[in-house]
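Here is the structure we will look at.
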Amino acid sequence: MRRLQFLYRIWVLCLKDMKLYYFKGPTIVMGILMPLFVWLAFVAGRGFSFTESLPALITLASFFASSSITPIVMPWEARQKSLEMLLSKPVTIYIVLLGTALASSIFGIFISSVLVTIGLLLNVIPRDLISLALGIAVSSLCYSFMGLVFSAIPSDVPADAVMLSSAVRLPLIFVSGIFIPVHSLPHYVKPLAFISPLTYFSDLIKNAYGYSSLLSPSIDVIALLLLTIIFAALALAANKRTLTRRL
Amino acid sequence: MPLGNVVEVHDLVKFFGDVRAVDGVSFSVRRGEIYGLLGPNGAGKTTTIRMTIGIVTPDRGEAYIMGYNVHKEPVKARSFIGVVPEISNPYVDLTVWENLMLVGEIYCVPKRIRVKRAKNLLKMLKIYEARNRKAKVLSKGMRRRLLLAMALMGDPDILFLDEPTSGLDVISARMIRSHLLELKEQGKTIILTTHNIDEAGMLCDRVAIMNRGKVIARGTPEEFKIRFGEYARILLCFDREIDAKLIRKHFDSYEVIVQGRRLAIICRSKDLRDVLEQIVQVTNEYSLSIEELRASGLNFEDIFVRLVEGLG
């Protein structure tokens with residue numbers, strides 16, 4: 001019963017975040033427009049076909065969309081003075097954060113699914129639909145927890161969290177093998193590639209669409225799961241630590 | 001936990017940097033009473049409440065709600081309470097109704113009961129007509145009533161209210177106070193913080209007076225009045241404005257408040273005769289006429305000031 005109530009409260013807060021944050025400015029800009037423009041900047045005028053560049057677009061969209069909501073929710077609610085009201089209800093900070101992470105993941109999954117569907121309509125068929133679906137689901141959760149780590153900065157200005165998360169997210173695009181293959185990266189950047197969740201997701205997507213990949217899909221999924229656990233633990237601990245300063 | 005106590009707080013301590021914001025606060029609240037934490041701004045009332053409901057972790061001490069340790073079983077403990085924090089808002093982009101439904105869902109109230117309860121609360125708090133309006137367009141008083149409705153959505157046994165009438169106009173404040181008394185009649189236990197002495201005297205069965213993070217006195221408002229019964233307050237109104245410095249010189253061994261033509265002197269009852277003689281002397285010396293003179297026991301505000309300033 002307690003476990004069911006725990007899950008139910010996470011779902012209720014997830015729905016609240018979906019309703020309140022999906023159409024906020026930072027979500028639209030960082031979650032939809034940003035990946036689109038980054039993708040266009042890389043592919044426009046370089047002779048790439050849509051079929052060739054779709055995996056990169058899905059990778060970017062999933063990454064930006066899933067990590068666009070989590071950094072802003074806590075600072076936003078602290079600023080609106082609704083955080084204390086929420087925390088005084090029968091929830092813990094973990095329930096609140098898990099609800100936010102779930103809402104953010106669903107946003108990422110939705111945006112990625114729209115792109116996969118557009119691909120299907122244009123006859124860009126994935127070779128391995130299961131690993132594609134699994135990859136999108138796990139990586140969305142991973143990115144949303146990563147975004148949640150940035151929400152722990154003890155500020156009630158959402159732009160501060162967005163700026164910090166962008167400072168980390170943007171460089172990751174260049175070291176994760178989306179546009180530049182990992183084996184072509186300078187040797188001092190390669191270690192970074194292997195701690196970036198984007199590397200494993202990008203690899204998984206390439207494999208799912210039949211392009212050459214670095215690792216096997218199962219290793220990519222395991223790496224993403226491990227990074228999800230690490231980011232989740234970091235996010236929960238960091239947010240709990242800075243909570244008092246937000247109230 | 002002794003029978004009948006629904007809230008128990010033991011030796012709470014909280015530091016913010018080097019500042020000891022709460023310093024060994026303990027109190028217990030009986031079922032069905034209104035308990036007030038009274039103190040000036042910065043006394044540590046809000047931090048005490050936050051630790052008592054488990055959203056701030058104390059550096060030392062424990063708090064129990066209905067026997068549950070709020071830091072070990074926060075969800076269980078908080079399922080018995082409703083809270084209206086001092087500076088807080090509902091979700092401003094949700095409507096009044098959506099805010100209530102959200103809270104009802106968090107308390108896991110079944111839909112049928114949730115809807116019925118929300119309607120009743122909105123009607124009771126006179127915001128039913130505004131149910132489809134977004135919270136951001138509500139007046140401050142209506143928002144406060146919405147927060148009270150949200151605190152009551154889980155039908156809690158205990159209500160925590162941090163400065164419930166702070167910043168409200170007289171009519172809204174009166175409305176909130178009358179709702180609190182109604183809730184007490186329904187058997188709810190209410191714990192409130194306030195710096196409004198009259199409010200505490202009007203509402204509370206018992207109060208703890210806090211200053212600089214410590215509880216400096218506790219009891220019923222009546223007990224305080226009896227304890228300070230040996231004191232008297234003399235109120236005078238002269239025919240013209242008086243010089244505060246000169247007056248203070250004449251009454252330097254008493255607590256004196258001068259405001260325009262008005263003078264208040266707080267003294268022990270046994271000194272009343274001396275004070276009156278001095279008043280006559282001052283009146284003659286400065287050719288003043290007394291338009292009004294009243295003597296009474298100390299009111300709760302006088303008692304509070306004496307306690308906080310260490311005069312009692």
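By convention in this document, chain letters (A, B, ...) are assigned in the order of the sequence lines, proteins followed by strands, and residues within each chain are numbered from 1. Since we're looking at a predicted model, the values are computed, not measured.
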**Request:** Heavy atoms only: give me the nearest Lys89(A)-Ile106(B) pair and the separation to one decimal.
**Result:** CB-CG2, 3.9 Å
**Item:** Glu84(A) bridged to Arg50(B) by N-O distance under 4.0 Å
**Value:** yes
**Asked** Looking just at side-chain N and O atoms, do Tyr8(A) and Glu105(B) make a donor-acceptor pair shorter than 3.5 Å?
**Response** no
**Item:** Among Gln80(A), Lys24(A), Lys19(A), side-chain hydrogen bond (donor to acceptor under 3.5 Å, both in side chains) partner for Asp93(B)
**Value:** Lys24(A)
**Prompt:** Got Leu86(A) and Tyr91(B) here, is their nearest side-chain heavy-atom distance under 4.5 Å?
**Reply:**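 The answer is yes, as the side chains (C-beta and beyond) meet within the 4.5 Å cut-off.
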**chain B contact via Leu87(A) - which portion, at a heavy-atom distance below 4.5 Å** = both
**Message:** Given heavy-atom pairs under 4.5 angstrom as the criterion, report whether the side chain, backbone, both or neither of Leu13(A) touches chain B.
**Reply:**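 Just the side chain, heavy atoms under 4.5 Å.
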When rounded to the nearest 0.5 angstrom, what distance separates [atom1] in [X] from [atom2] in [Y]?
X: Gln5(A); Y: Ser79(B); atom1: CD; atom2: OG; answer: 8.0 Å
X: Glu73(B); Y: Thr92(A); atom1: CD; atom2: OG1; answer: 13.0 Å
X: Met85(A); Y: Ile55(B); atom1: CE; atom2: CD1; answer: 11.5 Å

**Message:** Between Pro74(B) and chain A, with a heavy-atom cut-off of 4.5 Å, which part of the residue counts as in contact: side chain, backbone, both or neither?
**Reply:** side chain
**Prompt:** Under a 4.5 Å heavy-atom cut-off, does chain A meet the side chain of Phe80(B), its backbone, both or neither?
**Reply:**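 No part of Phe80(B) comes within 4.5 Å of chain A.
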